[in-house]
Amino acid sequence: MPPPSFEVRDVPPRVAFALEQAGVHPLLARLFAARGIRSADELDDAFEHLLPPGTLLGADRAATLLADAIAARAPVCVVADYDCDGATACAVALRGLRLLGADPATLHYVVPDRARHGYGLTPAIVDLARERVPDVQLLVTVDNGIASVAGVAHARAHGIGVLVTDHHLPAVDDGRVVLPDADVIVNPNQPGCTFASKSIAGVGVMFYVLLALRARLRERDAFAGSAQPRLDALLDLVALGTVADVVRLDANNRRLVAQGLKRIRAGRMQPGVAALFTVAGRDPSRAATFDFGFALGPRVNAAGRLADMTLGIECLLTDDAARAAELARALDAINRERREVEAGMREQAQLRLDALLPAGAPPPALALFDASFHEGVVGIVAGRLKDRLHRPTFVFARGADGLLKGSGRSIPGFHLRDALDLVAKRERGVLLRFGGHAMAAGCTLAEAEFARFADAFVRVAAEWLDDATLQRRWRTDGALPVEYYNAETARVLDAQVWGPSFEPPLFSEVVDVLAQRLVGERHLKLRLARAGDARAAPREAIWFGRTEPLPARARVAWRLALDEYQGQQRVQMVLEAATGVD
């Protein structure tokens with residue numbers, strides 16, 4: 001494969017200067033300017049700067065539907081999803097409805113089993129809800145439902161109302177958008193919705209529905225003589241689900257996450273969130289987006305991958321700290337098992353790749369299936385392979401129904417869902433179901449059709465991707481000034497809201513490799529010095545998941561991090577990429 005290329009972000013000097021003059025930390029002023037921030041006002045994360053709920057199509061009608069249900073004490077069942085976004089959205093829905101006056105006895109939830117039920121509001125899930133809540137009058141989907149045409153029709157046929165809250169793209173048939181016949185749909189990606197944050201997560205959509213509901217109840221004098229409920233108490237859950245779902249962190253999403261982080265750092269969080277911080281060994285007083293994405297989120301997600309997401313939802317719902325701790329420990333144990341399963345799958349996938357791939361560059365896309373693969377972990381493994389090879393990748397496992405369930409991850413410049421749509425058009429009948437986004441998607445097919453799918457997928461990639469797109473490019477922030485290589489800077493950077501489209505700082509420079517060795521048999525530990533600077537003090541560095549040694553001189557891309565060991569803190573470089581320098 002060709003070596004990676006490094007591109008330094010452009011920093012508009014006048015913008016950076018204006019931000020610094022407005023009181024922004026000098027390094028942050030440069031970083032923010034490079035990410036499109038043009039004024040300090042854009043950095044104001046106050047609650048009142050959130051987009052108004054009235055601009056979210058369907059939110060007002062959803063508020064009326066829910067207000068009527070609360071007044072009538074109608075049984076409501078939330079239909080959750082089996083990932084962290086779905087789990088937090090379910091917890092936000094149930095906690096929020098209770099805060100706004102719903103009788104807890106009327107509130108219920110169901111969550112699909114990944115292996116038995118598949119994704120979304122299927123007819124089988126409607127029947128499960130009817131079995132659990134025989135007198136259910138309203139189903140509320142969270143993080144799913146926009147493609148559940150059959151499930152919504154099944155519910156309506158049994159006299160059950162349906163409120164869809166979702167953020168996924170709707171289905172398209174021959175160029176025509178297909179929507180379920182729900183009572184109300186709230187989704188920023190449905191036709192006609194002008195809500196500016198198209199990247200809001202499912203938990204964010206549900207939070208906005210609650211904001212609209214509170215306004216509707218206020219109009220009906222529901223809070224007369226009592227304090228208006230504070231929905232900001234739910235923002236720790238909103239922040240967790242938003243970051244864990246890896247959605248684009250636009251200005252509105254950054255504000256939601258920032259508000260959630262502030263609450264957690266101040267010690268105001270749900271018992272389940274606090275318990276997850278404890279089992280992950282993280283300090284909530286220094287909570288960062290990293291904790292959501294790499295510590296708490298994976299533990300919640302593990303329940304949906306290998307067990308039952310009910311564990312994750314119950315952890316986020318309970319107000320009993322002891323019960324939360326017990327559930328968090330269970331989630332931690334499942335996550336350890338998930339890591340073992342994932343490691344075995346990665347090893348098996350690598351063996352298959354070694355047998356399938358010729359020497360040199362891999363094909364423009366990959367599709368892998370092995371009978372030993374676990375359905376709950378295919379998405380993670382697809383992501384790991386995509387990161388390693390820089391190729392759109394699908395990984396399949398055999399489901400309980402005998403069909404292959406695939407999860408894909410993509411690279412910039414290749415819209416994965418659109419690629420599946422083209423495969424479906426060219427190879428009629430090969431895909432039984434598919435859906436997703438530009439960077440992540442899923443599909444279902446018969447095992448006999450795997451080879452046909454793999455060939456068609458690779459053909460689409462060959463048509464859409466050129467050599468420039470297939471070369472990994474790292475956008476960096478250039479060299480970190482020497483005076484900022486310290487623990488204080490690391491803490492300042494960690495305190496910010498980083499994520500997709502507002503990427504965390506990645507610095508780059510040429511270094512001399514003074515020493516390197518393997519630790520834990522999987523990570524490369526190094527001592528580096530700035531090339532050509534005899535006065536520069538050596539720096540400690542680590543490259544997780546890297547076993548191949550670096551040349552004596554290399555250009556590296558790295559992140560500044562605090563390494564904590566036995567109560568001591570020290571800064572280190574966490575390497576992400578490198579290429580040799582002559």
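Model, not experiment: these values are computed from the prediction. Counting from 1, the numbers follow the sequence of the chain as shown.
Under a 3.5 Å cut-off, the side chain of H415 and the backbone N or O of D418 do form a donor-acceptor pair. Judged by distance alone, the side chain of T318 and the main-chain N or O of C315 form no donor-acceptor pair under 3.5 Å. In terms of modelled atom types and a separation under 3.5 Å, the side chain of Q496 and the main chain of V492 share a donor-acceptor contact. Of the possible donor and acceptor atoms, none in the side chain of T106 sits under 3.5 Å from a partner among the backbone N and O of P75. In this structure, the side chain of S148 does not engage the main chain of G151 through any donor-acceptor pair within 3.5 Å. Looking only at distances, no side-chain donor or acceptor of E131 sits under 3.5 Å from a matching main-chain atom of A129. Using modelled atom types, no side-chain atom of R254 and backbone atom of V497 make a donor-acceptor pair closer than 3.5 Å.
Salt bridge R220/D68: present, at least one basic N to carboxylate O contact under 4.0 Å. The pair D236-R263 fails the salt-bridge criterion, with no side-chain N (NZ, NE, NH1 or NH2) lying under 4.0 Å from an Asp/Glu carboxylate O. The pair R323-E326 meets the salt-bridge criterion, with a side-chain N (NZ, NE, NH1 or NH2) lying under 4.0 Å from an Asp/Glu carboxylate O. Salt bridge present: D332 and R336 bring a charged side-chain N and a carboxylate O closer than 4.0 Å. A salt bridge links E576 with R559: the distance from a Lys NZ or Arg NE/NH1/NH2 to an Asp or Glu carboxylate oxygen falls below 4.0 Å. By the 4.0 Å N-to-carboxylate-O rule, E342 lies close enough to R338 to be salt-bridged with it. Checked for salt-bridge contact, D45 and K262 meet the test: a charged N lies under 4.0 Å from a carboxylate O. The pair R156-D183 counts as a salt bridge, with a side-chain nitrogen and a carboxylate oxygen less than 4.0 angstrom apart.
The aromatic rings of W498 and F32 are tilted relative to each other, their planes meeting at an angle between 30° and 60°. H154 and H158 have perpendicular rings, their planes meeting at more than 60° on a 0 to 90° scale where under 30° would count as parallel.
For the atom pair CG of D127 and OG1 of T122, the computed distance is 8.5 Å after rounding to the nearest 0.5 Å. Taking CD1 of I264 as the start and OG of S285 as the end, the distance is 11.5 Å to the nearest 0.5 Å. We find the CG-CG distance between N335 and L331 to be 8.5 Å, quoted to the nearest 0.5 Å. Atom-to-atom distance recorded for R216:CZ and D60:CG is 5.5 Å, nearest 0.5 angstrom. Atom CD of residue Q228 and atom CG of residue L99 lie 11.5 Å apart, to the nearest 0.5 angstrom. Separating the CG atom in L107 from the CG atom in D103 is a distance of 7.5 Å, to the nearest 0.5 Å.
In the model, H49 has no side-chain atom that pairs as donor or acceptor with a side-chain atom of D41 under 3.5 Å.
Nearest heavy-atom pair, C84 versus N301, reported as atom, atom and distance to 0.1 Å: N-OD1, 2.6 Å. When all heavy atoms are compared, the tightest approach of R417 to G435 is CG-C, 4.3 Å. Of all heavy-atom pairs spanning V162 and L138, the tightest one is N-CD1, 3.9 Å. Taking each heavy atom of F277 and D283 in turn, the nearest pair found is CD2-C, 4.2 Å. Here the shortest heavy-atom pairing between A59 and A212 reads O-CB, 3.6 Å. Smallest separation of non-hydrogen atoms from F434 and C443: CB-CB, 3.8 Å.
Counting heavy atoms from C-beta on, the side chains of C193 and N187 never come closer than 4.5 Å. No side-chain heavy atom of T393 sits less than 4.5 Å from a side-chain heavy atom of L368. Between I160 and Q137 the shortest side-chain heavy-atom distance does not fall below 4.5 Å. With contacts defined as side-chain heavy-atom distances shorter than 4.5 Å, the pair P188/L56 qualifies. Residues V247 and N253 form a side-chain contact, since some pair of their non-hydrogen atoms from C-beta on lies under 4.5 Å apart. Looking at heavy atoms from C-beta onward, M345 lies in side-chain contact with V378 at the 4.5 angstrom threshold. Taking the side chain as every heavy atom from C-beta outward, V395 and L385 approach each other to under 4.5 Å. A heavy-atom distance below 4.5 Å is found between the side chains of R409 and S407.
Between D291 and the options R299, R286, R282, a salt bridge (Lys or Arg N to Asp or Glu O under 4.0 Å) holds for only R282. For the side-chain contact (heavy atoms from CB on, under 4.5 Å) with L179, the qualifying choice from V164, V152, V149, I146 is I146, the only one to do so. Screening V111, I334, I313 for a side-chain contact (heavy atoms from CB on, under 4.5 Å) involving D308 leaves a single residue, V111.
Open room surrounds CZ on R522; 12 or fewer heavy atoms of other groups in view lie less than 6.0 Å from it. Annotation for E347: atom CD does not count as buried by contact number, only 12 or fewer foreign heavy atoms lying within 6.0 Å. Within a 6.0 Å sphere centred on CZ of F294, heavy atoms belonging to other residues, nucleotides or ligands number 12 at most. Applying the 6.0 Å contact sphere to CZ of R218 captures more than 12 heavy atoms from other residues, nucleotides or ligands.
Every residue meeting the side chain to side chain donor-acceptor pair (under 3.5 Å) condition with D319, not counting sequence neighbours, appears here in chain and number order: R95.
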* Evaluate the criterion salt bridge (Lys or Arg N to Asp or Glu O under 4.0 Å) for residue pair E375 and R305; output intermediate values, then yes/no. => CA-CA 8 Å; E375 179 184 349; R305 296 185 186 281; over 6 Å; no
* Do L316 and L276 pass the side-chain contact (heavy atoms from CB on, under 4.5 Å) test, and can you show the C-alpha distance, the side-chain angles, and the key distance before you say yes or no? -> CA-CA 9 Å; L316 301 176; L276 287 168; 4.2 Å; yes
* **Trace of the salt bridge (Lys or Arg N to Asp or Glu O under 4.0 Å) decision for D494 with R491** => CA-CA 5 Å; D494 285 346; R491 283 190 283 268; over 6 Å; no
* Assess whether side-chain hydrogen bond (donor to acceptor under 3.5 Å, both in side chains) is satisfied between N252 and R255, documenting all intermediate values. => CA-CA 5 Å; N252 205 62; R255 288 187 174 109; 5.2 Å; no
* To do: Apply side-chain contact (heavy atoms from CB on, under 4.5 Å) to T242 and V203, showing your working.
  => CA-CA 7 Å; T242 298; V203 65; 3.8 Å; yes
* Is there a side-chain contact (heavy atoms from CB on, under 4.5 Å) between H168 and N189 once you walk through the steps? -> CA-CA 7 Å; H168 294 93; N189 291 302; over 6 Å; no
* Are L163 and L66 close enough, and set up right, to give a side-chain contact (heavy atoms from CB on, under 4.5 Å), and what steps lead you there? -> CA-CA 9 Å; L163 163 60; L66 289 170; 3.9 Å; yes
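Within the structure, ring pair (Phe, Tyr, Trp, His ring centres under 6.0 Å) pairs that include any residue of residues 206-248 comprise F195-Y208 (at least two apart or interchain).
Aromatic pair F396/F394: ring centres closer than 6.0 Å.
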